There are 2 protein chains.
Amino acid sequence: MTPTFKIDHTNCADCPIRHRAVCAHCDADELEELEGIKYYRSFEAGQTIIWSGDQMNFVGSVVSGIASLTQTMEDGRTQMVGLLLPSDFVGRPGRDSAPYDVQATTDLVMCCFRKKPFEELMNTTPHIAHRLLQMTLDELDAAREWMLVLGRKTAREKIASLLSIIARRDASVGQRGSDGPIVFDLPLTREAMSDYLGLTLETVSRQISALKKDEVILLEGKRHVTIPDMGRLMEEAGDDSDGGFLV
Amino acid sequence: MTPTFKIDHTNCADCPIRHRAVCAHCDADELEELEGIKYYRSFEAGQTIIWSGDQMNFVGSVVSGIASLTQTMEDGRTQMVGLLLPSDFVGRPGRDSAPYDVQATTDLVMCCFRKKPFEELMNTTPHIAHRLLQMTLDELDAAREWMLVLGRKTAREKIASLLSIIARRDASVGQRGSDGPIVFDLPLTREAMSDYLGLTLETVSRQISALKKDEVILLEGKRHVTIPDMGRLMEEAGDDSDGGFLV
DNA sequence: GCTTCCACTTGATCTCTATCAAAGCATCTG
DNA sequence: CAGATGCTTTGATAGAGATCAAGTGGAAGC
């Protein structure tokens with residue numbers, strides 16, 4: 001349901017970026033110009049990539065690892081407002097400063113493009129502008145879906161919602177549509193989850209324990225999750241079985 | 001801080017649409033083509049314009065009145081995910097169906113464009129595509145700012161946040177930057193506010209009474225609000241005094 | 001004028017989640 | 001191995017907001 005542009009990845013083995021991203025590898029034919037302004041950056045877990053208010057002189061995609069967008073109040077309360085998984089786009093063409101902190105939640109590699117030349121390219125290449133609009137609409141959908149989670153769901157439903165997003169994005173590659181169990185490692189600390197869900201880390205821990213006790217999920221160690229029945233998890237999340245499209 | 005495109009409205013008296021919208025009036029020079037596919041629609045308060053999942057065969061701007069975007073869970077819990085004030089854009093170029101209900105919160109007039117021709121125009125007119133991207137980025141910023149409100153603010157802060165948005169968007173026209181009191185009529189019922197804020201209507205009512213008792217706001221009747229000190233209200237909202245850019 | 005209706009207010013109580021506090025359990029360090 | 005450190009779990013308690021239940025007040029209709 002997601003892909004707006006069908007990109008053929010068969011000749012693109014070393015490209016980690018999936019359909020939604022703007023990627024020099026995938027579009028080498030039409031976007032050779034990007035090669036010149038492209039560079040890679042690595043970050044360590046915990047590192048802040050951009051502070052809220054800073055100049056942001058690049059755009060880019062996540063290659064590997066996880067980044068988060070967070071907003072912070074003066075008194076220290078924080079809310080994660082976006083979770084960037086591999087292939088997700090970061091950047092605000094036409095804008096100068098970042099309205100939120102961007103942090104590396106795990107070790108992270110990004111594929112960046114200098115903003116100025118990227119914008120020029122965008123202005124002369126309708127294709128890119130169009131694709132960016134589609135990506136931004138996707139992000140907007142995800143943000144709005146998440147508003148329902150934050151505003152109206154219980155702690156237990158919030159956890160189930162988060163798990164089902166991560167399961168779908170992280171683990172389902174190669175398992176699409178299968179009914180079997182889904183297995184993955186949680187890429188977030190309990191604290192990061194609490195920042196995303198508008199909860200405290202204690203509540204996150206308690207609800208995860210409860211879902212485990214009720215066998216909605218199986219836990220090995222603290223991070224290794226097995227979901228025996230995805231449908232059951234989505235019921236717990238309060239989603240209709242159809243399944244959304246978050247983040 | 002908001003306008004990305006400076007449009008001169010001095011010769012545009014009958015155009016209700018402000019800087020952020022795509023508007024045939026304002027851009028008559030370059031967008032004459034739009035005239036042919038433009039039409040107006042009126043709705044009564046309470047009417048549903050689009051149901052979640054429906055085909056959405058137009059895009060458009062709010063001319064007068066207020067519309068809301070809401071998501072609903074199977075058990076009836078609802079969350080408003082967007083509030084559309086005059087000049088705001090509705091529509092998802094490139095998408096077929098709506099992911100949420102669109103409702104007229106007050107009597108409403110919209111300026112619509114048939115989607116197909118609008119999209120064709122968009123594909124051949126980089127200017128429009130570019131402007132749409134900017135508008136979508138604005139909406140994304142607003143949605144993310146609202147995630148902080150939903151996830152981390154107290155009921156009192158939520159109400160103050162909502163009042164300060166409405167005050168800035170609704171009443172400040174012609175009062176920009178002034179330090180004097182701000183006066184406006186609340187365009188939302190207590191229930192609509194509760195849907196927007198992730199609260200119950202009783203809590204909304206109690207917190208409004210509390211803000212009134214503490215003289216953060218003055219109330220005449222149930223809807224007529226005076227804000228004697230905007231700075232005070234924004235402190236109550238937990239915003240830094242700079243002031244955000246919501247909705 | 002009286003009734004009805006609707007949006008709103010206010011009160012009493014309950015419950016979920018936050019808060020405060022302590023302890024468990026890996027991994028790393030010396 | 002002992003100790004430190006970081007992430008996590010669990011327990012006890014408190015508090016913000018939900019829920020249930022009346023009641024108010026203004027506008028519309030008869």
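No experiment lies behind these values; they were computed from the predicted model shown. Within every chain, numbering begins at 1; the chains are lettered A, B, ... in the order of the sequence lines, protein sequences first and strands thereafter. The figures here come from the full heavy-atom set of this structure, side chains too, leaving out hydrogens, waters and symmetry mates.
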### Message
Can you tell me whether the side chain of Glu202(B) and the base of dC20(D) have a donor-acceptor pair closer than 3.5 Å?
### Response
yes

### Query
What integer distance in Å separates Leu201(B):CG from dT10(C):P?
13 Å

Please set out all donor-acceptor pairs under 3.5 angstrom arising from side-chain atoms of residues 76-84 of chain B, sequence neighbours excluded.
residue  : atom : partner   : partner atom : Å
Arg77(B) : NE   : Asp75(B)  : OD1          : 3.3
Arg77(B) : NE   : Asp75(B)  : OD2          : 3.0
Arg77(B) : NH1  : Arg152(A) : O            : 2.9
Arg77(B) : NH1  : Glu157(A) : OE1          : 2.8
Arg77(B) : NH2  : Glu157(A) : OE1          : 3.4
Arg77(B) : NH2  : Glu157(A) : OE2          : 2.7
Arg77(B) : NH2  : Asp75(B)  : OD2          : 2.9
Thr78(B) : OG1  : Asp195(B) : OD1          : 3.1
Thr78(B) : OG1  : Asp195(B) : OD2          : 3.4
Gln79(B) : NE2  : Asp195(B) : O            : 3.1
Gln79(B) : NE2  : Tyr196(B) : O            : 3.0

### Query
Expressed in angstrom and rounded to an integer, what is the separation of Leu197(A) atom CG from dA18(C) atom C1'?
15 Å

### Task
For residues 202-225 of chain B, pull every pair meeting salt bridge (charged side-chain N to carboxylate O under 4.0 Å, His left out), keeping only residues two or more places apart or in separate chains.
Arg156(B)-Asp214(B)

### Task
Using a cut-off of strictly less than 4.0 Å between a heavy atom of the residue and any atom of DNA chain D, enumerate the qualifying residues of residues 204-218 of chain B by number.
Arg206(B)

### Task
Measure from CG on Leu188(A) to P on dC7(D) and round the result to the nearest Å.
13 Å

### Query
Taking CG from Asp195(A) and P from dA18(C), how many angstroms apart are they, rounded to a whole number?
12 Å

### Task
Could you tell me whether the phosphate oxygens of dA18(C), OP1 or OP2, come under 4.0 Å of any side-chain nitrogen or oxygen in Thr203(A)?
yes

Give me the distances for all protein-to-nucleotides 22-24 of chain D N/O pairs that come in under 3.5 Å?
none

### Task
Would you mind classifying the nucleic acid contact of Gly198(A) as base, sugar-phosphate or nothing, using non-hydrogen atoms under 4.0 angstrom?
sugar-phosphate

### Message
Suppose we screen for side-chain hydrogen bond (donor to acceptor under 3.5 Å, both in side chains). Which residues come up paired with Thr136(B), at least two apart in sequence or across chains?
### Response
none

Side-chain polar contacts of residues 42-57 of chain A - donor-acceptor pairs under 3.5 angstrom, sequence neighbours left out - could you list them?
residue  : atom : partner   : partner atom : Å
Gln47(A) : OE1  : Glu44(A)  : N            : 2.7
Thr48(A) : OG1  : Gln103(A) : NE2          : 3.4
Asp54(A) : OD2  : Trp51(A)  : N            : 3.3

### Message
Using the side-chain hydrogen bond (donor to acceptor under 3.5 Å, both in side chains) criterion, which residues pair with Arg232(B)? Sequence neighbours excluded.
### Response
Glu236(B)

## Note on the structure
Which of dC7(D), dT9(C), dA7(C) is nearest the side chain of Arg223(B)? It is dA7(C)

### Task
Specify the separation, in whole Å, of atom CE of Met193(A) and atom P of dT9(D).
8 Å

### Task
Round to the nearest Å and state the distance from Leu150(A) atom CG to dT17(C) atom C1'.
15 Å

### Message
Nearest to the side chain of Arg190(B), heavy atoms from C-beta on, is which of dA18(C), dT9(D), dC8(C)?
### Response
dC8(C)

### Query
With sequence neighbours excluded, what pairs up with Thr203(B) under the side-chain hydrogen bond (donor to acceptor under 3.5 Å, both in side chains) test?
Thr200(B)

#### Entry: Side-chain heavy-atom pair Ile166(B), Phe184(B) within 4.5 angstrom cut-off
yes

### Query
Thr105(B): what forms a side-chain hydrogen bond (donor to acceptor under 3.5 Å, both in side chains) with it, not counting sequence neighbours?
Ser68(B)

### Query
Any ion pair linking Arg95(B) and Asp138(A) (charged N to carboxylate O, less than 4.0 Å)?
yes

### Message
Need one value for Thr200(B): base, sugar-phosphate or nothing, where a base atom within 4.0 Å counts as base even if backbone is also close, heavy atoms only.
### Response
base

### Query
Quick one: Glu220(A) CD to dA26(C) P, roughly how many Å, whole number?
13 Å

### Task
Round to a whole Å and report the spacing from CG of Leu219(A) to C1' of dT9(D).
12 Å

